[in-house]
Amino acid sequence: MGKIVIIDFETTGLSPRLGDRATEVGAVIIDGHKIIDKYQSLMNAGIAIPGFIQQLTGITNTMLRQAPTCQKVMQELADFIGDMPLAAHNASFDTLFLDAEWERIGYQRRQPFTCSLLLARRLYPHFPDHKLGTLVRHLKLPTTGTYHRALADAEMTASLLMNIKKDLQQQYNLSSVPHELLCLLQKTPKAGIANVIKKARLKLDL
DNA sequence: TGCCAGGCCCTCTTTAGGGCCTT
């Protein structure tokens, strides 16, 4: 109950439709306000990583030559995730790559995705921007490794999401913040959040 | 040939345009 998988992909570019592929995936499971499990793997799609992305992520073509196939990694990831709901920072990006890589192994995502970027824009509108690094710095969250590596980014996104849940709980005096409520809030204009929580409090017994 | 992401959000908007965010 209350578990969410936070996921992050490193890729060869921005668009699976233009042929970009995943190069690394990191995923962590949170239960309430704790990380309880982690998964990480590089993956070899057999295509070259552009130079500027190698510089950005530190993931090189040499590293990928030794990496397992995308098919193997995506099957392991599907087993790791099971039917738990998902979250990511700028989830529209990770949704595209997860769906595209899973489609290649004949697997279809069924669970909803929550976006910590959309939630952070609503909860922390006064921050200078809503990049993952900026949010981690301003909220004084732990940095767990190198930015732009999949597991470190997934862990920091998990810390961010747990902070968002904690702030919602305190601000609105909620007993819990289920994934269903996060899905509702990420689509709610800032001015409507209190009203959505009021309705959800009755419906979800919060 | 030349171009090329895509979803969300704001505003000098809605018959649109541009910035943010992800690699």
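Scope of the values below: all heavy atoms of this structure, side chains included, with no hydrogens, waters or symmetry mates. So you know, we letter chains A, B, ... as the sequences are listed, proteins then strands, and number each from 1.
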Quiz prompt | Rounded C1' spacing from B:dC20 to B:dT1 in Å | solution = 31 Å

Quiz item: So does A:Gln71 have more than 12 non-hydrogen atoms from other groups sitting under 6.0 Å from CD?
Solution: no

Self-check item: Closest heavy-atom pair and its distance - A:Cys70, A:Ala22
Solution: SG-O, 4.3 Å

Quiz prompt | Nearest-Å distance for atom pair CZ/C1', residues A:Phe97 and B:dT23 | solution = 7 Å

Quiz prompt | A:Leu118 CG - B:dG7 P separation (whole Å) | solution = 13 Å

Quiz item: Is A:Leu77 reachable from A:Ile36 through a run of hydrophobic residues whose side-chain heavy atoms are each under 4.5 Å from the next?
Solution: yes

Quiz item: In whole angstrom, what separates A:Ile53's CD1 from B:dT22's C1'?
Solution: 11 Å

Quiz item: When the C1' atoms of B:dT23 and B:dG6 are considered, how many whole Å apart are they?
Solution: 13 Å

Quiz item: For the pair made of CG in A:Leu86 and P in B:dT22, what is the distance, rounded to whole Å?
Solution: 19 Å

Self-check item: Any side-chain donor near an acceptor of the partner, A:Asp20 and A:Thr12, under 3.5 Å
Solution: yes

Quiz item: Among the nucleotides B:dT23, B:dC10, B:dC21, which one has an atom lying closest to any side-chain atom of A:Lys190?
Solution: B:dC10

Quiz item: How many Å lie between CD1 on A:Ile193 and P on B:dC9, as a whole number?
Solution: 11 Å

Write down the protein N/O and nucleotide N/O pairs, taken from nucleotides 4-6 of chain B, whose separation is under 3.5 Å; answer none if there are no such pairs.
| from | atom 1 | to | atom 2 | distance (Å) |
| --- | --- | --- | --- | --- |
| B:dG6 | OP1 | A:Arg17 | NE | 3.2 |
| B:dG6 | OP1 | A:Arg17 | NH1 | 3.0 |

Practice problem: In whole angstrom, give the distance that lies between atom CZ of A:Arg121 and atom P of B:dG7. | Solution: 14 Å

Quiz item: If you measure from the C1' atom in B:dT13 to the same atom in B:dG17, how many Å do you get, rounded?
Solution: 9 Å

Quiz item: With no hydrogens and no angle check, do the side chains of A:Asp94 and A:Asn90 hold a donor and an acceptor under 3.5 Å apart?
Solution: no

Quiz prompt | same_hphob_cluster(A:Leu182, A:Leu160) at 4.5 Å side-chain heavy-atom cutoff | solution = yes

Quiz item: Can you check the A:Tyr124 OH to B:dC20 C1' distance for me, whole Å?
Solution: 19 Å

Quiz prompt | Pairwise C1' distance for B:dG19 and B:dC12, with rounding to whole Å | solution = 15 Å

Quiz item: Side-chain N or O of A:Arg122 less than 4.0 angstrom from OP1 or OP2 on B:dC9?
Solution: yes

Exercise. Assign A:Ile49 to base, sugar-phosphate, or nothing according to its heavy-atom contacts below 4.0 angstrom with the strands shown.
Key: nothing

Exercise. Would you kindly give the CG-to-P distance between A:Leu98 and B:dT23, to the nearest whole Å?
Key: 15 Å

Quiz prompt | Within one Ile-Leu-Val-Met-Phe-Trp-Tyr cluster: A:Ile35 and A:Ile6, side-chain cutoff 4.5 Å | solution = yes

Quiz item: With sugar-phosphate meaning primed atoms plus P, OP1 and OP2, does A:Thr57 contact a base, only sugar-phosphate, or nothing at under 4.0 Å between heavy atoms?
Solution: sugar-phosphate

Exercise. Pick base, sugar-phosphate or nothing for A:Asp20, based on heavy-atom distances below 4.0 Å to the nucleic acid.
Key: nothing

Self-check item: OP1 or OP2 of B:dC21 under 4.0 Å from side-chain N/O of A:His89
Solution: no

Quiz item: Within a radius of less than 6.0 Å around CZ of A:Arg109, do more than 12 heavy atoms belonging to other residues, nucleotides or ligands occur?
Solution: yes

Quiz item: Taking OP1 and OP2 of B:dC20, is either one under 4.0 Å from a side-chain nitrogen or oxygen of A:His130?
Solution: no

Quiz item: Looking only at atom P, what distance separates B:dG18 and B:dT14, rounded to whole Å?
Solution: 13 Å

